Amino acid sequence: MKTHPMKLVTIVCEAYAREAVTKLLREVGAHGYTLFAVEGDGSQGKRPGDIPEFANIQIEVVVSPTVADTLLTRLEKEFFPRYAMIAFECEVRVLRKEKF
Amino acid sequence: MKTHPMKLVTIVCEAYAREAVTKLLREVGAHGYTLFAVEGDGSQGKRPGDIPEFANIQIEVVVSPTVADTLLTRLEKEFFPRYAMIAFECEVRVLRKEKF
Amino acid sequence: MKTHPMKLVTIVCEAYAREAVTKLLREVGAHGYTLFAVEGDGSQGKRPGDIPEFANIQIEVVVSPTVADTLLTRLEKEFFPRYAMIAFECEVRVLRKEKF
Amino acid sequence: MEILDAIRANLLSPAVLFFALGLMAALTKSDLKFPEPLYVGLTIYLLVAIGFKGGVAIAEAGLAKVWLPALAALALGALIPLWTYPLLRFGGKFSAVDSAAIAAHYGSVSAVTFIAATNYLKAVNQPYEDYATAFLAVMESPAILVGVVLGKLATKTEGEGSGVSLKKAMHEAIFGRSIFLLVGALVVGALCGKPGMEKVEAFFVTPFQGVLALFLLEMGMVAGRRLEDLKKVGLFLLGFGVLVPLVNGTLGVYLGQLVGLELGGATLLGVLSASASYIAAPVAIRISLPEANPTLYLTSSLAITFPFNITLGIPIYLEIARHLYS
Amino acid sequence: MEILDAIRANLLSPAVLFFALGLMAALTKSDLKFPEPLYVGLTIYLLVAIGFKGGVAIAEAGLAKVWLPALAALALGALIPLWTYPLLRFGGKFSAVDSAAIAAHYGSVSAVTFIAATNYLKAVNQPYEDYATAFLAVMESPAILVGVVLGKLATKTEGEGSGVSLKKAMHEAIFGRSIFLLVGALVVGALCGKPGMEKVEAFFVTPFQGVLALFLLEMGMVAGRRLEDLKKVGLFLLGFGVLVPLVNGTLGVYLGQLVGLELGGATLLGVLSASASYIAAPVAIRISLPEANPTLYLTSSLAITFPFNITLGIPIYLEIARHLYS
Amino acid sequence: MEILDAIRANLLSPAVLFFALGLMAALTKSDLKFPEPLYVGLTIYLLVAIGFKGGVAIAEAGLAKVWLPALAALALGALIPLWTYPLLRFGGKFSAVDSAAIAAHYGSVSAVTFIAATNYLKAVNQPYEDYATAFLAVMESPAILVGVVLGKLATKTEGEGSGVSLKKAMHEAIFGRSIFLLVGALVVGALCGKPGMEKVEAFFVTPFQGVLALFLLEMGMVAGRRLEDLKKVGLFLLGFGVLVPLVNGTLGVYLGQLVGLELGGATLLGVLSASASYIAAPVAIRISLPEANPTLYLTSSLAITFPFNITLGIPIYLEIARHLYS
Ligand SMILES: Nc1ncnc2c1ncn2[C@@H]1O[C@H](COP(=O)(O)O)[C@@H](O)[C@H]1O
Ligand SMILES: Nc1ncnc2c1ncn2[C@@H]1O[C@H](COP(=O)(O)O)[C@@H](O)[C@H]1O
Ligand SMILES: Nc1ncnc2c1ncn2[C@@H]1O[C@H](COP(=O)(O)O)[C@@H](O)[C@H]1O
Ligand code: NA
Ligand code: NA
Ligand code: NA
């Protein structure tokens with residue numbers, strides 16, 4: 001079994017940003033993503049998550065290291081000033097590297 | 001405080017595969033797992049997740065490196081050809097290594 | 001783009017422990033956290049998650065390595081003997097290190 | 001012209017219009033979405049309500065009246081795959097496993113189509129045997145089992161153990177969520193009878209039609225999201241999804257008359273034969289025949305046959321029954 | 001033989017049959033599952049409905065009539081742990097903290113059991129004071145506080161601050177979700193009175209019995225999943241889970257007569273004493289006595305006492321009341 | 001003194017009392033929480049029910065009667081931001097983009113406030129045109145578009161393309177979940193007419209008031225969680241949140257009389273003008289004017305104007321209409 005190094009980028013943001021973020025993912029070349037609703041607490045206060053429009057989502061995307069770089073750069077420049085969010089990357093290993 | 005290196009294997013797959021995957025986890029020797037419903041987008045199209053039977057789930061399991069190897073190998077051989085899914089592993093450190 | 005090393009600590013525990021754990025997070029100096037409901041299986045049996053009071057939650061928190069250390073130490077001493085739970089840490093890289 | 005009037009009346013019912021609204025929501029990419037627990041809650045309500053009502057009706061009618069038509073329904077469900085399979089395999093040139101999978105879907109049934117049909121009959125004041133829910137209950141599983149066996153015979157693949165997965169499919173087909181709820185509520189209803197019904201009527205019967213209308217809004221969205229797959233399935237399956245229901249529907253109506261049902265009951269048996277499963281069958285097939293292509297069976301049952309039956313099919317089957325009984 | 005007929009009638013009610021169906025679902029490992037939000041939605045509905053109705057009844061009856069029996073109910077709840085604790089500690093040889101935890105559960109109450117009892121009384125045409133919901137409201141918390149104090153006295157563990165966690169338990173017992181909803185809706189109902197009731201009756205009253213039946217289906221599954229823990233808890237707790245309710249139920253009925261309740265109201269006070277909490281108490285106990293073993297208190301209250309009360313207990317307590325009042 | 005009696009009666013209605021209970025839950029930090037799917041399910045129900053009912057009423061009244069007041073409502077919605085914007089910008093010294101954002105919220109409408117008003121009118125036996133739902137439908141979007149344009153003109157920021165985000169805001173304002181459901185159900189109702197209503201009345205009409213009461217419990221919690229932000233928004237916005245609704249409400253009532261509405265209908269137009277959006281507008285504004293501070297517009301619309309209208313505003317607007325019409 002051969003595994004390949006990739007990056008897992010995790011984004012936690014207000015649900016409002018959903019469409020903008022998934023559009024960005026397509027633009028930087030991600031081939032897929034996984035998304036779910038979360039509650040959260042942070043510098044911009046608690047997000048209890050009972051109204052979907054006011055809630056948080058977590059988006060996880062596995063991408064190549066270069067795509068991860070572009071993604072984080074654009075998140076920092078275009079999204080961090082506008083939306084309540086955090087983003088971080090983490091090293092993972094995948095099978096079928098052509099899929100990502 | 002002493003932490004021990006382990007692998008976190010993350011599997012995102014269609015909900016149909018739930019029973020087959022959890023059975024596999026038992027077979028390879030995982031001592032537990034965590035599971036939740038997610039939405040997703042990938043090569044096999046969007047999964048909006050309003051009908052549970054058509055939705056995606058994410059399964060996370062902490063295992064020893066050797067178990068992770070067996071798990072990924074069997075996923076590649078037996079599951080990837082049949083189900084819409086991705087899987088990847090990541091290094092984590094745990095307390096109480098005898099638990100995993 | 002400059003990223004900084006941080007720790008992502010993941011805690012999966014019974015929902016009962018929610019308040020105690022988030023209080024601990026504040027005490028050790030985390031600046032935020034993300035939380036969601038999960039199902040699980042482990043040494044203390046299946047947690048199907050239909051009654052919120054009997055269910056599992058997953059808490060993810062990005063902190064500096066020193067905070068991660070304190071957090072895990074206190075979890076081990078004060079929480080592991082009392083609650084059904086697991087915790088592990090993982091290396092991640094973030095932008096805006098002052099946020100965590 | 002009667003049939004056209006009937007169709008027009010059906011098209012203007014809240015249930016069908018909300019279904020159309022759901023289609024619209026999917027096509028205009030509105031961000032409207034029913035959360036999963038709402039979907040699940042509505043299906044639980046509908047299945048329990050229809051099952052309970054059917055059970056009370058069986059208690060009133062007595063098993064002596066119900067067993068023969070129920071047996072006929074069961075046989076019909078099991079046999080439909082036997083003629084649709086070769087049609088798909090040799091007419092449509094589908095692979096053996098895809099043919100078996102699709103055939104299983106058309107032999108099995110759609111509870112929502114059945115419920116919509118009972119609503120329609122009520123709207124046009126056509127009486128029917130309330131215990132017809134028993135036919136719904138017995139027709140869900142047999143075709144799935146037949147389809148899985150057909151698929152297994154044709155492929156004989158190993159890995160993960162095909163014996164195991166046949167057993168899983170049977171377990172799924174019999175203990176799966178929808179059939180369990182329906183049969184369970186049926187038994188509960190049969191044990192309670194009329195006095196039990198009086199207690200829960202205000203919840204399970206009075207608001208039923210409105211709940212169905214709301215649910216069809218969601219089903220419209222689910223079907224609408226599949227519409228773009230129509231081009232992937234090819235012309236053959238498109239025709240199949242409309243013509244096979246018409247044939248099966250006619251078969252069902254005839255058989256209904258044969259076993260002594262009234263006009264309304266025969267219509268419902270026709271509707272059941274004509275309908276294709278899009279929940280129970282996909283689950284069981286995905287588990288036991290994972291090589292089969294879901295786009296084919298889901299698109300045909302959900303995006304072609306289901307909308308066809310809901311809008312045009314149901315009034316047509318009633319008209320067929322009227323001709324036959326007159 | 002009356003009592004046997006009564007039990008039979010109760011066993012054939014939709015509510016109890018759906019509970020049995022839920023047990024079946026758990027035992028046959030059907031994949032039927034109520035999603036968490038549906039469970040939460042149903043509990044919110046049931047608690048608000050029962051609280052609101054009780055509040056309207058209090059407004060009608062006047063506080064003068066309610067305060068004495070409510071006080072008696074409160075005292076009964078607080079006292080039950082004082083005799084069940086030594087029984088568990090010395091009869092059952094449980095640890096001090098486990099004994100305290102279980103005792104807290106049996107002093108507190110189960111709202112669903114109470115609701116099922118009101119349904120049963122309605123079905124057998126036995127009138128009762130509608131304001132009895134007030135007893136439910138006042139009996140939930142006291143026993144939990146007594147139990148936590150007993151457990152703390154016995155253990156005196158430190159770490160995380162035991163003083164803190166007693167305060168947390170009190171907060172939980174008083175501001176926890178279920179008690180907040182119940183008492184809140186009671187107050188709202190008392191302020192609205194009859195005119196308010198007329199507006200919301202069609203939602204909170206008419207469909208109530210049907211919603212309860214659906215909810216008991218879920219409760220059957222929850223209880224059923226605990227059944228396999230029965231062997232872990234031992235014979236003593238098994239007997240405890242059946243006999244203690246019978247004793248407490250009898251106590252409750254007597255006390256009800258003593259404070260001037262009618263036959264129906266005394267029965268309900270008996271049901272409350274006999275019932276064991278499985279939501280509010282576990283939450284508070286898990287937080288303030290985390291050393292106690294949840295398998296013991298959850299299995300006994302949820303898998304033994306709850307099913308016993310729902311099926312046999314309720315008709316028995318009514319029969320006891322009838323003997324006493326005749 | 002009539003107005004005081006009216007307010008007192010409104011304050012003691014189940015809907016308002018449950019709203020207050022929700023506020024209490026938030027303030028006492030009770031762990032009561034409606035899960036997201038329950039919230040979504042309730043909004044879907046309320047919007048579909050009110051839309052459907054309005055559509056049936058339009059079918060009964062005929063478009064000839066509806067178009068003029070609907071047009072007036074639309075114009076009113078679009079114009080309100082044009083006077084509130086300068087007030088906020090120069091009176092309140094808010095930034096241009098914040099002023100535009102808040103102005104958009106007050107030009108748009110709150111469906112729940114409208115629904116509560118229809119309930120209030122029904123409670124005080126004040127007839128109104130059922131087709132007034134059409135005003136709700138047409139008033140949601142225009143102000144949002146005007147507000148976004150005002151904000152864009154003032155800022156002209158680039159990055160991510162401001163043209164794109166104006167288009168997104170329009171899409172959101174027109175195809176967003178709430179407006180889609182409302183307008184969709186309106187059209188469905190108009191096509192079904194009375195016969196359709198008869199089928200679904202028991203679900204969409206009879207239990208409606210009770211569902212609203214339950215929903216206001218949740219809205220109380222949502223508003224309550226915003227209360228602590230009151231100190232952040234400053235005194236100007238506090239006054240704005242109460243006085244602007246009074247002015248807009250009066251404008252709406254007058255305009256209603258002008259275009260020939262009855263007393264009840266004019267009151268509803270007043271309520272709509274007075275109400276501020278807290279769902280549709282925030283979504284659209286957050287997407288197209290992300291630089292605007294959500295604390296300002298959410299706190300003023302949700303924690304000031306919404307509770308004010310629900311408790312005091314609605315009876316006041318009716319009183320204004322009564323003076324005008326007498
Ligand atoms: N240190 C952290 N660890 C994990 N999640 C966080 C952290 N800080 C913020 N978040 C998440 O990011 C969301 C937005 O953060 P903020 O902009 O700080 O309010 C929060 O609601 C949390 O869900
Ligand atoms: N690059 C990716 N990053 C994160 N999740 C993914 C990625 N690709 C696929 N997925 C998830 O895996 C599921 C199945 O993928 P697929 O088989 O490509 O359709 C999708 O629905 C997503 O939830
Ligand atoms: N090896 C594992 N991998 C992932 N999650 C686990 C694992 N073991 C336990 N868990 C999670 O932690 C919860 C508590 O574990 P336990 O105390 O072992 O019952 C379980 O319900 C699971 O959600
Ligand atoms: Na069929
Ligand atoms: Na008790
Ligand atoms: Na307005």
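Chain identifiers are assigned alphabetically (A, B, ...) following the order of the sequence lines, protein sequences preceding nucleic acid strands; residue numbering begins at 1 within each chain. For clarity, every value in this text was computed on a predicted model and none was experimentally measured.
No part of D/Ala20 comes within reach of chain F, as not one of its non-hydrogen atoms sits under 4.5 angstrom from that chain.
Residue D/Lys122 places its NZ atom among more than 12 non-hydrogen atoms of other residues, nucleotides or ligands, all under 6.0 Å distant.
Looking at D/Pro35 and F/Glu36, their side chains never come closer than 4.5 Å, going by heavy atoms from C-beta outward. Side-chain atoms of F/Phe180 and D/Leu21, non-hydrogen and from C-beta on, do get closer than 4.5 Å to each other.
For the set D/Leu32, D/Leu217, D/Leu38, the entry with the most heavy-atom pairs within less than 4.5 Å of chain F is D/Leu32.
The shortest heavy-atom contact between D/Leu17 and F/Cys192 is CD1-SG, 3.5 Å. Taking every heavy atom of both residues into account, F/Gly196 and D/Pro14 meet most closely at O-CG, 3.6 Å.
Contacts between residues 200-212 of chain F and chain D, defined by a heavy-atom separation under 4.5 Å, are made by F/Val200, F/Ala202, F/Phe203, F/Phe204. Residues of residues 42-63 of chain F that come closer than 4.5 Å to chain D, counting heavy atoms only, are F/Ile44, F/Val48, F/Phe52, ordered by residue number.
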